[in-house]
Structure formats: C-alpha cells, structure tokens
Amino acid sequence: MTWAGNQTLISHFVLLGLFTHSPLHLFLFSIIMAMFLVALSGNGLMILLIFVDSRLHSPMYFFLSWLSLMDLMLISTIVPRMAADFLMGRGSISFAGCGLQILFFLTLLGDECFLLAFMAYDRYVAISNPLRYSVIMSRRVCWLMVAGSWLFGLVDGLIQAVFTLRFPYCGSQEIDHFFCEVPAVLKLACADTSLYETMIYVCCVLMLLLPFSVISASYLRILVAVLRMRSAEGRRKAFATCSSHMIVVSLFYGAAMITYMRPQAYHSSKQDKVVSAFYTMITPMLNPLIYSLRNKEVTGALRKLLGKCPCAGGALG
C-alpha cells in the first residue's frame with residue numbers, strides 16, 4: 001500500500017469470486033468447468049473444420065472462424081484465472097494484472113460487437129443480392145471488416161483500462177466479482193467517477209447500440225427478402241441460418257447492455273455476476289453448438305473429417 005495525504009492507496013485488489021466452497025457451489029463450479037471445456041473444444045473444432053474443408057471457405061465461415069477465435073480468447077481470459085483463485089482459495093490480483101484483464105476482456109468484447117454486425121450484413125447481402133455477393137463481400141472487404149473489428153475493440157479496451165486505473169483506490173481492496181469488470185472496479189474508487197461513467201455510457205452507445213442497430217436493420221431487410229422468396233426450401237434455409245445468428249446476438253448484446261448501459265446506482269453484485277457469466281462463459285460455449293447443430297455444411301465437414309481419421313474409420317468399420 002502507498003500513502004496519499006490522509007488516504008491509504010491500495011496496490012492490488014482481491015477478487016471475491018463467483019462461488020463459496022459450499023456443496024452447491026462446488027457443483028456449480030464443476031458445471032462451469034465443463035462449459036469451459038465444451039467452449040474450448042467446440043470453438044477449436046469449428047476453427048479446424050473451417051480451415052481444412054474447402055466447402056467452408058466462404059465469407060460467412062470466414063467470419064465464423066474469427067468469432068470462434070474471439071470466443072476462445074474471451075473465455076480463456078476469464079475462466080482459468082477464476083478457477084485458479086477458487087481452487088487455491090485466493091483472489092489477489094495486482095493493479096497491472098487487473099488492467100490487463102480489463103484490456104483483453106473489453107478488446108474482445110468490442111471485437112465481437114462489430115464482428116456480429118458484419119456477419120449480419122454478410123447474410124443480408126447473401127440473401128438480398130446473391131448475384132453480386134462475391135463482388136461485394138470480396139476477400140479484401142472481409143479482411144478489412146475483421147481488422148476494423150479488432151481496431152475498434154482495441155481502442156475501446158485501451159481507453160477504459162487506462163482511465164479506470166488512473167483513479168485512486170483506497171479503503172476496501174475487495175472486488176465483489178469473479179474478474180476485473182469496470183463497473184465492479186469503479187465501486188472501490190475514492191474519487192468522483194460520474195464523468196467517467198458518462199464517458200463509458202457514450203462509448204457503450206457506440207460499441208453496442210451502433211452495431212446492434214446495423215444488425216436489426218440487416219435482419220429486418222433479410223426478413224422482407226425471405227418472405228418474397230418463391231422457393232420454400234430457400235425460405236427454410238434462410239430462416240434457419242438467420243435464426244441462429246439472432247439467438248447469438250440476443251444473448252450477447254442483451255447481457256452486455258444490461259451490464260454497461262445501466263447507471264452505477266442500479267448495479268447489484270449478484271446480478272452483475274450472473275449477467276457477466278452469460279457473455280463470458282455461456283455465449284462462447286453456445287456459439288459453436290448453435291452454428292454447427294443447425295448447419296448441414298458444418299455437420300457434413302465434421303463427418304468428412306471423422307471419415308479421414310483412422311480411429312474413426314476403425315470404429316465405423
């Protein structure tokens with residue numbers, strides 16, 4: 001600890017975590033770890049399938065491979081640290097460690113916000129303008145969209161990480177959360193954070209509402225285009241693809257908006273932990289399941305990969 005005037009400034013934080021060591025919480029911790037393994041294997045498999053199967057080398061799967069990578073990184077930023085703290089019975093984290101976690105988490109969160117918007121636009125072009133799809137969604141355009149997602153996410157993460165840790169923190173060291181999330185950290189600041197909270201709100205309007213508006217407009221136009229289709233099979237396939245995207249969008253944006261677009265006075269620690277678990281653990285686990293189980297091309301690529309595996313071939317034989 002260091003001294004500033006009559007205040008003792010803290011040099012590290014203590015994360016209180018998501019669970020206690022009660023039997024119920026031990027069971028819930030086991031479920032979280034199972035979800036973590038499902039997310040790792042599911043997203044890793046999705047990236048592998050898209051990389052090795054030429055039938056999946058299209059803009060939609062290009063974006064999906066990046067979404068899987070972001071989900072892998074997002075859940076790996078949070079869960080291993082949380083699990084280690086729980087198992088070792090400690091939650092101490094340095095200022096620098098907390099800042100890095102805020103940076104990585106918000107960068108990846110911002111990445112996904114914009115990537116999901118670009119994925120919605122991709123589906124809109126594919127359904128509304130199929131003849132010019134390959135021209136509009138060229139390889140160069142796809143790479144620019146992904147690079148733009150990372151750039152916007154990184155800028156947002158850097159701004160919030162730097163400004164959050166510039167506040168003086170004194171008194172309690174305990175963050176009532178399972179990772180360094182900005183609203184939870186700001187509760188410990190011994191300075192007026194109202195101006196900064198207003199800035200966060202403005203950032204979130206740009207990072208959440210702007211992409212969400214693009215997604216809503218894209219899917220509204222997709223719905224109109226689908227209803228005009230004469231082919232029943234075409235309508236079914238379009239609805240199946242788009243409904244999968246909307247499930248992901250609703251879970252991700254809904255939880256993020258509840259956390260980052262409410263005034264600090266309306267935050268409760270228990271509610272914040274549950275909501276944060278949605279976009280840090282549940283969404284990364286569900287994304288590959290939602291996209292693969294309802295997608296014949298992905299399941300076909302998986303069968304093809306298993307068919308090449310000697311062990312799978314022996315088992316099938």
Side-chain angles (χ1 to χ4, degrees), residues 43 46-47 50-51 56-77 100-130 132-163 182 199-222 241-242 244-246 248-257 259-261 279-280 283-284 287-288 291:
N43 285 293
M46 186 68 75
I47 294 170
I50 293 170
F51 180 76
L56 303 182
H57 293 175
S58 66
M60 183 179 85
Y61 294 108
F62 174 76
F63 291 132
L64 186 54
S65 66
W66 279 103
L67 180 66
S68 294
L69 178 62
M70 290 172 186
D71 280 336
L72 271 176
M73 295 174 69
L74 180 63
I75 199 168
S76 298
T77 299
L100 285 173
Q101 196 173 55
I102 291 172
L103 172 63
F104 291 147
F105 169 70
L106 288 177
T107 296
L108 292 163
L109 194 69
D111 291 344
E112 288 208 24
C113 285
F114 284 96
L115 187 68
L116 288 170
F118 290 137
M119 290 175 72
Y121 177 74
D122 169 70
R123 289 300 83 208
Y124 162 67
V125 175
I127 292 171
S128 302
N129 203 346
R132 299 193 62 233
Y133 176 68
S134 59
V135 177
I136 297 172
M137 299 301 297
S138 64
R139 188 171 184 82
R140 179 174 175 275
V141 170
C142 291
W143 275 108
L144 285 173
M145 287 179 169
V146 169
S149 297
W150 280 100
L151 178 61
F152 287 127
L154 180 59
V155 169
D156 180 57
L158 277 171
I159 290 172
Q160 294 206 44
V162 170
F163 276 88
V182 172
M199 188 193 80
I200 291 178
Y201 183 83
V202 172
C203 281
C204 290
V205 168
L206 296 175
M207 299 295 292
L208 292 172
L209 286 188
L210 183 60
F212 188 72
S213 299
V214 172
I215 292 170
S216 300
S218 295
Y219 280 112
L220 184 60
R221 300 194 70 172
I222 286 171
T241 302
C242 295
S244 298
H245 291 198
M246 285 309 298
V248 172
V249 166
S250 299
L251 287 172
F252 182 79
Y253 278 92
M257 285 178 183
T259 298
Y260 285 94
M261 295 190 69
Y279 55 80
T280 58
T283 303
N287 279 351
Y291 281 106

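Model, not experiment: these values are computed from the prediction. The residues of the chain are indexed from 1 along the displayed sequence.
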Task: 4.5 Å side-chain heavy-atom contact, Ile159 and Met199 - done: yes
Open item on the list: Are there over 12 heavy-atom neighbours, none belonging to Phe152, within less than 6.0 Å of that residue's CZ?
Closed with: no
TODO: Mind listing the closest non-hydrogen atom pair of Tyr133 and Arg123 along with its distance?
DONE: OH-NH2, 3.4 Å
Open item on the list: Please find the pair of heavy atoms, one from Cys113 and one from Leu208, that lie closest to each other, and give the distance.
Closed with: SG-CD2, 3.4 Å
Open item on the list: Using the side-chain contact (heavy atoms from CB on, under 4.5 Å) definition, which of the options Leu74, Leu72, Leu69 pairs with Leu108?
Closed with: Leu74
Open item on the list: With heavy-atom distances below 4.5 Å as the criterion, would you say the side chains of Phe163 and Ile200 are in contact?
Closed with: no
Open item on the list: Does either side chain, that of Tyr124 or that of Asn129, offer a donor lying less than 3.5 Å from an acceptor on the other one?
Closed with: no
Task: Qualifying side-chain hydrogen bond (donor to acceptor under 3.5 Å, both in side chains) pairs with a residue from residues 149-160, counting only residues at least two apart or across chains - done: Asp156-Gln160
- [ ] Taking all non-hydrogen atoms of both residues into account, name the closest pair between Ile47 and Ser65 and its distance.
- [x] CG1-O, 3.8 Å
TODO: Given side-chain contact (heavy atoms from CB on, under 4.5 Å), test Phe118 with Val214 step by step and report yes or no.
DONE: CA-CA 8 Å; Phe118 290 137; Val214 172; over 6 Å; no
- [ ] Could you walk me through whether Val141 and Ile136 pass the side-chain contact (heavy atoms from CB on, under 4.5 Å) test, one step at a time?
- [x] CA-CA 8 Å; Val141 170; Ile136 297 172; over 6 Å; no
Task: Residue pair Phe252, Leu109: steps toward the side-chain contact (heavy atoms from CB on, under 4.5 Å) verdict - done: CA-CA 9 Å; Phe252 182 79; Leu109 194 69; 3.5 Å; yes
TODO: Supply the atom-to-atom distance Tyr253 OH to Met207 CE, rounded to the nearest 0.5 angstrom.
DONE: 9.0 Å
Open item on the list: Over 60° means perpendicular and under 30° means parallel, so tell me whether Trp66 and Phe62 are parallel, tilted or perpendicular.
Closed with: perpendicular
- [ ] Identify the two heavy atoms, one from Asn43 and one from Pro288, that lie closest to each other, and give their separation to 0.1 Å.
- [x] OD1-CD, 3.6 Å
Task: Derivation of the side-chain contact (heavy atoms from CB on, under 4.5 Å) call for Met137 and Phe63 - done: CA-CA 11 Å; Met137 299 301 297; Phe63 291 132; 3.6 Å; yes
Task: Between CE on residue Met46 and CG on residue Asn287, distance to nearest 0.5 Å - done: 8.5 Å
